[in-house]
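In what follows, chains carry the letters A, B, and so on, assigned in the order in which the sequence lines appear, proteins first and then strands, with residues in each chain numbered from 1.
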Amino acid sequence: MAKIDLTINTDLARKILAGFIRSEIQRVGLQRAVVGVSGGVDSALSCFLAVEALGPQNVLAVRMPYRTSSPDSLEHAQLVIDALGVQSVTIPITEMVDPLIARDPQMSEVRRGNIMARARMIVLYDQSEAFKGLVVGTGNKTEILLGYTTLYGDSACALNPIGDLYKTQVRQLAQAVGVPEPILTKAPTADLWQGQTDEGELGFTYAEVDKLLYLLVDQRYSPQDCVEAGFAPDFVQKVVERMRRNHFKRVLPPIAKLTNRTVGYDFLYLRDWGT
Amino acid sequence: MIKSMKIKVALAQINTYLGDVSRNLEKHLCLIEDAKRQGADLILFPELSLTGYVLQDLASSVALSPRPEDPVFGRLLEASRAIDLVVGFVEEDSRRRFFIAAAYLSQGQVLHIHHKLYLPTYGLFDEGRFFAWGDSISAFDTRFGRIGMLICEDFWHASPPYLLWLDGADIFLFMSASPGRGLSAAPKLESARWVEQLVQAYANLFTAFVAHANRVGFEDGLNFWGGSAVFDPDGVLLAQAAYFEEGLTLAELDLNQLHRTRARLPLLRDERTALVQRELDRILRRASQANR
């Protein structure tokens, strides 16, 4: 196996990411951020970075438990809130979600999970307007590349500071910024159903897949190059196919072109246009 | 005996408002005042300092003509009566082509305009889609000696600095909007390491002063890392701005260092330009025959 080192300089990452959050929020005339805090390491890191950028008084941490959510999740989210001294609110989603789920007794876990993720998005965007803050995203590079996310659910945000960090790098940075220990050491889970873990659902570990993704994406290795570097052919195949199949989650919906100037093709401006 | 001269150069490491020329102009005038107060003779702004970098479809709407009757250049030319200045902007020429450009203004005059020669159009860059390619390069005389200006990707190619050197430039003014990338365990981004090594290498190779102004701030998810720097003809770092922070950094250039360094290390004297031309002719001839 090729030696792959995903270690990052955490001081540098912190400086850039806090600067990014501050810039993207303040240039639209706001001072505040809203973060859905699940009790996991990704949202904990986003919340810590938002506080570094804006100060605790300008960050609202939102806890959104469902009735089957693990009590640990709620407690771990509270650890983040207490460690940072941010403003916080707890808005359970059970009453929003259950009537829709009750319409179909056969509903799969994936469908229920997607409904929960999208209900949380509704809550966060409502808090965004109420608190006058932008929703800071919590999706990391690994899950974005694998498409391990609910479109318009947990992937929805106004800006994402951690989307270019692999999961193993998120853990490293989270430790450096002071995310509480129980959050760093527990198994990652979307906690959409009982006993769910990311690695169980994906069928491989983050430690393995991050190295493979680093070669495929960052180092532009071909799948064959990755096999020669020591990765199992079926693992490489599975990950490459997953990336391709989920690309739709990474782009805006294509607009059918009719006129000479069409949003997305030849109407090109950054979001920061004019600021 | 050449009379001794020291000049004070100010590097204006700024963030910009994307596509908002008038707000950027105010920032320029503010820093120009500041540099004047600190006794600077010359102030150097980064690439596209008047417009911001990822302009895309804004390129045509922020374009300027560097003439006194242009309201933006009118004010900059006025400011240049007290201090020489180099600004980055989009130039629209008389044929309505848009160039990434740098202007050297001095004593109310436009002394020189450089059009960016190399437009990176790969990876995260898309300049060739929106801008015309510059097609000439020359050094020019100033009250401080002969100067050459280059913009970012221009000095990733060895030939533009080399041509400026042969054309008499003893002071190189480089301007960038370099997006930060390449995070590893190292305390510096890879992009910062690459650019700093290049800039320093030119000071060494050409036994010349090299000043580099890079911008800071963010445009969407891109960060610009700053770290503007000045090297002397020995390749010694004279001054460097902080990474990621706006600010004005001053450096004194003792032009007599050119005399001392080149007495020790006569690379310019020994440069074999006729050999370069002969071999380049041969190489190009061979290449064109191979393509037939």
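- In summary, E219(B) and R27(A) do not engage in a salt bridge, as defined by a charged side-chain N under 4.0 Å from a carboxylate O.
- We find the CD1-OG distance between I8(A) and S184(B) to be 9.5 Å, quoted to the nearest 0.5 Å.
- Without hydrogens or angle criteria, D220(B) side chain to D272(A) main chain gives a donor-acceptor distance under 3.5 Å.
- Under a 3.5 Å cut-off, the side chain of D57(B) and the backbone N or O of Y269(A) do not form any donor-acceptor pair.
- Counting heavy-atom pairs under 4.5 Å between each of D20(B), L58(B), N223(B) and chain A puts L58(B) at the top.
- Here the closest non-hydrogen pair linking F20(A) and G221(B) is CE1-CA, 3.7 Å.
- Taking CZ of R181(B) as the reference point, atom CG of D218(A) lies at 13.5 Å (rounded to 0.5 Å).
- The part of R261(A) that comes within reach of chain B is its side chain, from C-beta onward, which places non-hydrogen atoms under 4.5 angstrom from that chain.
- Here the straight-line distance linking atom CD of E24(A) with atom CZ of F218(B) works out to 8.0 Å at 0.5 Å rounding.
- A distance of 11.5 Å separates CD1 of I16(A) from CG of L222(B), quoted to the nearest 0.5 Å.
- L55(B) CG to L268(A) CG: the interatomic distance, rounded to the nearest 0.5 Å, is 12.0 Å.
- The distance from the CH2 atom of W225(B) to the CG atom of L12(A) is 12.0 Å, given to the nearest 0.5 Å.
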